[in-house]
Amino acid sequence: MTNEAPLHNHFIRQIVIDDQASGKHAGRVATRFPPEPNGYLHIGHAKSICLNFGIAREFGGRCNLRFDDTNPTKEDIEYVESIQQDVRWLGFEWDELRHASDYFDVFYQCAEKLITDGKAFVCDLSADEVRAYRGTLTEPGRNSPFRERSVDENLDLFRRMRAGEFADGARTLRVKIDMSSGNINLRDPAIYRIRHVEHQNTGNAWCIYPMYDYAHCISDAVEGITHSLCTLEFEDHRPLYDWCLREIDLPHHPQLAASLAARGLDAPAGTPQQIEFSRLNLDYTVMSKRKLMTLVDENLVAGWDDPRMPTLSGVRRRGFPPAALRLLCDRVGVTKQNSVIEFSVLEGCVREELDANAARRLAVIDPLRLVIDNLADGHEETLAFPNHPKNESFGKRDVPFSRELWIEREDFMEVPPKGFHRLVPGGEVRLRGVGIVKCESLDKDADGTVTTVHCTLDPDTRPGLPGAERKVKGTIHWVSAKHAVAAEIRLYDRLFNVANPDDDSDGKTYRDHLNPDSRRVVQGWLEPAAADAAPETAFQFERLGFFVADRYDHAADKPVFNRAVTLRDSWAKASKG
RNA sequence: UGGGGCGUCGCCAAGUCGGUAAGGCACGGGAUUUUGAUUCCCGCAUCCGUAGGUUCGAGUCCUACCGCCCCAGCCA
């Protein structure tokens with residue numbers, strides 16, 4: 001894959017540079033991308049993936065893919081598979097694939113240590129009671145009445161929790177920190193809960209499952225992660241992250257992780273540093289898993305990989321190349337500022353990438369018949385077209401040409417507005433790669449709609465002849481009617497018609513802002529060399545935009561193309577005012 | 001009246017020990033062009049949330065205010 005050079009130094013890269021220079025972590029760099037397998041990855045995740053894998057690659061370090069599968073009630077194997085596929089598609093490969101559930105035994109051993117050290121207790125309070133004891137943002141909480149149980153009783157109870165003696169929710173294991181802390185995460189947070197649920201990775205081996213804060217920091221330590229990168233909302237979890245690691249002290253108690261050795265998962269435990277950065281948000285889209293899930297579940301879109309979805313599988317199907325997403329992530333930078341990137345920035349990245357790497361083809365998506373009257377009936381020839389205007393290595397292809405063509409309906413106007421450079425009655429225009437054609441007459445149907453444009457081709461303007469140098473205002477694309485292949489063309493537009501669909505302050509929700517025209521399907525005509533392409537091949541259909549052969553539905557004899565993005569169109573912008 | 005973050009051009013984002021505002025995207029103008037695309041030039045913050053202060057000099061230091069985001073799951 002390509003390896004884009006970093007645009008500039010961001011604060012996390014600087015921390016890594018400083019750490020490496022000072023010999024912290026013995027100069028090692030290890031990161032991880034830790035998704036919970038409870039949904040599909042989206043563009044926001046791309047930032048984390050690029051950051052984590054990118055840092056590891058840049059500093060000669062390692063990066064693991066780790067499934068944060070500590071809550072079996074929400075997770076599913078479907079997601080763990082899609083996540084792996086998406087990470088690879090983005091262009092990254094993990095050093096090791098791990099699951100938090102690989103460490104369930106370690107978590108358990110550490111919990112017994114915490115209990116033995118008097119740092120954790122089994123609490124019998126119900127969820128509601130815990131909430132009541134927790135206090136509020138401005139009032140301190142109160143100690144649980146079970147906080148002072150003896151070590152022996154705690155150990156006994158915890159072992160019985162594990163043994164399955166208690167019902168879901170009956171008890172939790174809590175850590176003793178400070179119920180009066182201004183940081184609510186430190187008010188004796190639960191680190192284990194009872195869930196008699198089968199786990200996608202460990203089956204029925206466990207009925208108690210660790211909480212995120214507890215499991216994540218230990219997982220990081222056990223994997224020797226040096227820099228644990230996460231998003232801003234975990235900032236006030238960091239004291240808990242550090243507390244757990246300090247109290248457990250894995251580096252000095254390697255026996256706690258001894259069970260890993262037998263499975264080849266052991267490594268010297270480290271002391272990872274959590275560093276937070278801001279999420280990648282885009283306007284005109286929603287990025288929360290919950291909302292994306294709703295769009296899918298309620299059939300508001302055609303699935304997680306609907307081309308309008310901001311999921312990685314969605315943008316992939318839409319035709320956005322992975323390099324465009326990497327470029328986006330480079331371009332937006334890494335900071336702690338909440339930000340919303342304009343969707344046009346992403347589109348710009350897609351255009352930039354595809355302009356350089358997509359072969360050109362001719363296609364017409366709203367056909368109007370054009371007949372070249374001064375060519376013989378049945379006239380046919382084959383023209384050689386370069387596949388890329390600026391890159392000869394793309395080679396050339398044969399394009400069939402004949403007397404009857406399809407041109408784009410919007411490229412002809414009987415009464416043109418000022419500044420219109422295309423075909424008009426009595427006017428001239430260049431047919432791309434063919435020569436200059438003059439509109440001599442029109443055919444119309446009963447409604448007055450133009451059905452055919454009759455032209456004459458100036459034979460002196462064919463390519464290669466001196467007359468080809470003659471300037472005309474416009475050049476339009478075309479496709480030979482006789483040779484064209486009918487295709488299904490899916491035209492996509494933004495899913496939401498407001499910049500911030502998450503904003504429900506006016507009483508409306510994202511569901512009220514769905515763009516009814518976000519998907520239009522038309523029948524168009526392709527030159528043969530476009531139809532005959534493998535699924536996921538991206539082309540620029542000249543003057544129209546970048547299109548991709550649908551990953552699943554496209555076939556050479558029944559082509560289906562999705563429009564990834566239009567070309568920049570200064571005429572449309574100007575003529576619209 | 002809690003805790004944790006963040007405020008530099010429309011959107012992002014650099015700004016080393018204080019020395020007199022990078023870059024990208026967008027936008028405006030021009031050149032080239034058999035894609036009104038691409039490419040190429042040129043322009044685009046006397047000002048860094050606000051108000052004071054320190055200093056020869058402050059986006060960078062101090063003080064006070066203002067604004068925005070996150071936290072009260074046995075979710076991650």
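All heavy atoms count here, side chains included; hydrogens, waters and symmetry mates do not.
Pairing for B:rG67 goes to B:rC6, judged as Watson-Crick or G-U wobble with the two contacts each under 3.5 Å. In this structure, B:rA72 forms no base pair with any nucleotide, since neither Watson-Crick nor G-U wobble geometry is met with both distances under 3.5 Å. In this entry B:rU1 has no Watson-Crick or G-U wobble partner, no candidate having both defining distances under 3.5 Å.
Partners of A:E352 under the side chain to side chain contact (heavy atoms under 4.5 Å, CB included) rule, at least two apart in sequence or in another chain, are A:L327, A:R331.
In this structure, CG of A:L354 is placed 19 Å from P of B:rU35, rounded to the nearest angstrom. For the pair A:D68 CG and B:rC75 P, the computed distance is 14 Å after rounding to whole Å.
When the C1' atom is used for both B:rC27 and B:rG15, the distance is 24 Å, rounded to whole Å.
Ring-centre distance between A:F107 and A:Y209: not below the 6.0 Å cut-off. Between A:F541 and A:F546, the distance from one ring center to the other does not fall under 6.0 angstrom.
Between the side chain of A:R422 and the base of B:rG36, at least one donor-acceptor pair of N or O atoms lies under 3.5 Å. Residue A:D236 places a side-chain atom within donor-acceptor reach of the base of B:rG3, judged by atom type and a 3.5 Å distance cut-off alone. No hydrogens or angles were tested; on distance alone, a donor-acceptor pair under 3.5 Å links the side chain of A:Q540 to the base of B:rU35.
In terms of phosphate contacts, A:Q14 brings no side-chain nitrogen or oxygen within less than 4.0 Å of OP1 or OP2 of B:rU16.
A cation-pi contact, defined as under 6.0 Å to the ring centre and within 45° of the axis, links A:R142 to A:Y133.
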Scoring nucleotides 39-44 of chain B by protein non-hydrogen atoms under 4.0 Å (B base, S sugar-phosphate only, - none) yields S-----

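Here A:R430 lies in heavy-atom contact (under 4.0 Å) with a base. At a threshold of 4.0 angstrom between heavy atoms, the contacts of A:R187 with the nucleic acid are absent.
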For residues 44-51 of chain A, which side-chain N or O atoms pair as donor and acceptor with protein atoms under 3.5 Å away, sequence neighbours left out?
{"unit_1": "A:H45", "atom_1": "ND1", "unit_2": "A:H42", "atom_2": "N", "d": "2.9"}
{"unit_1": "A:K47", "atom_1": "NZ", "unit_2": "A:S278", "atom_2": "O", "d": "2.7"}
{"unit_1": "A:S48", "atom_1": "OG", "unit_2": "A:N52", "atom_2": "ND2", "d": "3.2"}

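Looking only at side-chain heavy atoms (C-beta outward), A:H216 and A:Y241 come within less than 4.5 Å of each other.
Judged by ring centres under 5.5 Å apart and planes tilted less than 30 degrees, A:Y212 fails to stack against the six-membered base ring of B:rA76.
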